Each structure stands twice: as structure tokens, then as C-alpha cells.
Amino acid sequence: MSKKVYTGTVVSNKMDKTVVVAVTRLFQHPVYKKTVKRVTKFKAHDEKDKCQIGDIVKIVETKPLSKEKRWVVIE
């Protein structure tokens, strides 16, 4: 089974070696057929602390690194 890979925007980098990435997804509402936008925030591991707010990053699923961190920044 392949790991999930998402692309999102860094919204916070205040933590040490951790960034918060907001992933936006568009989907069609099942009843009203309108396109709906949902934003999900993921905490991701950033080993070198080089991500800045506003950067577009790719994150990949990994084993749990802490209580809430299950993603790693790959580019």
C-alpha cells in the first residue's frame, strides 16, 4: 500500500522542527451538487527548520512521530 502524499501551504512554523500545513480540497456536495472547499491542517516534521509561512510543500504519511505528528515534509 502506497503512502498518502498531499500538497499544501505552511500556515505556522513557530514550533521546533514542526510546521502546520493547510491542505485544501475541493469536492462536490452529495445532495446540492455545489463545489465545496474544505481545509484540513496537518502537523508535519521539518527536520532542518527551513519552511517559512506561505511556502508550498509536499507532505507524506509516516509512522507517528509524536502525539499529533504523522507527516513529514519531503519538498
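Owing to the predicted nature of the structure, the values given are computational and were not obtained by experimental measurement.
In this structure a side-chain-to-backbone donor-acceptor pair under 3.5 Å is missing from Asp55 to Val10.
Residues satisfying the side chain to side chain contact (heavy atoms under 4.5 Å, CB included) test with Glu75, not counting sequence neighbours, are Lys58. For Thr9, the side chain to side chain contact (heavy atoms under 4.5 Å, CB included) criterion is met by Ile56, not counting sequence neighbours.
The CD1 atom of Ile59 sits 8.5 Å away from the OG1 atom of Thr7 when rounded to the nearest 0.5 Å.
Listed by first and then second residue, the salt bridge (charged side-chain N to carboxylate O under 4.0 Å, His left out) pairs that reach into residues 31-46 are Lys43-Glu68, sequence neighbours excluded. Listed by first and then second residue, the salt bridge (charged side-chain N to carboxylate O under 4.0 Å, His left out) pairs involving residues 1-26 are Lys4-Glu61, Lys17-Glu47 (not counting sequence neighbours). Applying the ring-ring contact (aromatic ring centres under 6.0 Å, His included) test to residues at least two apart or on different chains, the pairs with a partner in residues 41-62 are Tyr6-Phe42, Phe42-Trp71.
Within the hydrophobic cluster formed by Ile, Leu, Val, Met, Phe, Trp and Tyr side chains joined at under 4.5 Å, directly or through other members, Phe27 is accompanied by Val36. Clustering of Ile, Leu, Val, Met, Phe, Trp and Tyr by side-chain heavy atoms under 4.5 Å joins Val20 with Val11, Met15.
Considering all non-hydrogen atoms of both residues, Val73 and Ala44 come closest at CG2-CB, 3.9 Å.
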Would you check, one step at a time, whether the test side-chain contact (heavy atoms from CB on, under 4.5 Å) holds for Leu65 with Thr18?
CA-CA 11 Å; Leu65 301 170; Thr18 304; over 6 Å; no
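Residues Val57 and Val19 fail the side-chain proximity criterion, which asks for heavy atoms closer than 4.5 Å.
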